[in-house]
Amino acid sequence: MPVDSTAITRDQRIEARERNPKWQNDPVRIEMLECINCDACLRACPPNFGAIFNHGADVVIIPELCSGCDKCIPACPVDCIYPHPDWTSETATSSGSGDWWELPHSNNDPYV
Ligand code: SF4
Ligand code: SF4
């Protein structure tokens, strides 16, 4: 049986570090200068996406895990979650988010 290499499940997306190719919406991002680190968005993100993590003092969204469902946006008390139409997997590497991939592998993965 051929191996399905598409990133359909969250585990597959974490393994491949890729978005589900069927997702049409852009991922969203947190403006860290405005974020008050309340974790409300983290709790609002559906576990099958599970895209939001505590990263040191920051709260971050891993774009490859974010479907753009927008459920986190109304949960934010300071409206600091924005669409990220310019995001590409190439810019993700250069933006230094590589170590973010340790977050879903940690014992603190909030969605497991
Ligand atoms: S848009 Fe949806 S998938 Fe993306 S971080 Fe917000 S709640 Fe999670
Ligand atoms: S809900 Fe808004 S303020 Fe709270 S952690 Fe998320 S982005 Fe930051």
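Please read all numbers here as calculations on a predicted model, not as lab measurements. Both ligands and their constituent atoms are indexed starting at 1 by order of listing.
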Report the nearest protein non-hydrogen atom to [atom]: residue, atom name, distance rounded to 0.1 Å.
atom: atom 4 (Fe) of ligand 1; answer: Cys66 SG, 2.3 Å
atom: atom 7 (S) of ligand 2; answer: Cys80 SG, 3.4 Å
atom: atom 1 (S) of ligand 1; answer: Asp70 N, 3.1 Å
atom: atom 2 (Fe) of ligand 1; answer: Cys69 SG, 2.3 Å
atom: atom 3 (S) of ligand 1; answer: Ser67 N, 3.5 Å

- Do Asp39 and Asn54 have side chains that get closer than 4.5 Å, going by heavy atoms? yes

Next item on the list: Taking the side chain as every heavy atom from C-beta outward, state whether Cys69 and Asn25 have any atom pair closer than 4.5 Å.
Entry: no

Which of the ligand 2 atoms, numbered from 1, are nearer than 4.0 Å to a heavy atom of [X]:
X: Pro77; answer: 1 (S)
X: Ile30; answer: 7 (S)
X: Val78; answer: 3 (S)
X: Ile81; answer: 7 (S)

Counting backbone and side chain alike, does Cys35 bring an N/O/S atom below 2.8 Å of atom 8 (Fe) of ligand 2?
yes

*Salt bridge check: are Glu15 and Arg13 linked by an N-O gap of less than 4.0 Å?*
no

Hey, is Arg10 close enough to Asp109 for a salt bridge, meaning N to O under 4.0 Å? yes

For Val28, the atoms of ligand 1 under 4.0 Å from one of its heavy atoms are 1 (S), 6 (Fe)

Taking only non-hydrogen atoms of Phe49 and a 4.0 Å limit, the atoms of ligand 1 in range are 3 (S)

From [X] atom [atom1] to [Y] atom [atom2], the distance as rounded to the nearest 0.5 Å:
X: Trp23; Y: Ser67; atom1: CH2; atom2: OG; value: 5.0 Å
X: Cys45; Y: Leu65; atom1: SG; atom2: CG; value: 8.5 Å
X: Phe49; Y: Ile61; atom1: CZ; atom2: CD1; value: 13.0 Å

Any heavy atom of Ile52 under 4.0 Å from ligand 1? The part involved is side chain

At under 4.0 Å between heavy atoms, what of Cys41 touches ligand 1? The answer is neither

Taking non-hydrogen atoms only, is [X] closer than 4.0 angstrom to ligand 2 via side chain, backbone, both or neither?
X: Leu42; value: neither
X: Cys72; value: neither
X: Ile36; value: both

Taking both backbone and side chain into account, is any N, O or S atom of Cys45 nearer than 2.8 Å to atom 2 (Fe) of ligand 1? no

Given the rule that I, L, V, M, F, W and Y join up when any side-chain heavy atoms are under 4.5 Å apart, are [X] and [Y] in one cluster?
X: Val59; Y: Val28; answer: yes
X: Met32; Y: Phe53; answer: yes
X: Leu103; Y: Trp101; answer: yes

ask   = Is there a heavy atom of Pro46 sitting under 4.0 angstrom from any atom of ligand 1?
value = yes

Tyr111 and Pro47 have their tightest heavy-atom pair at CD2-CA, 3.9 Å

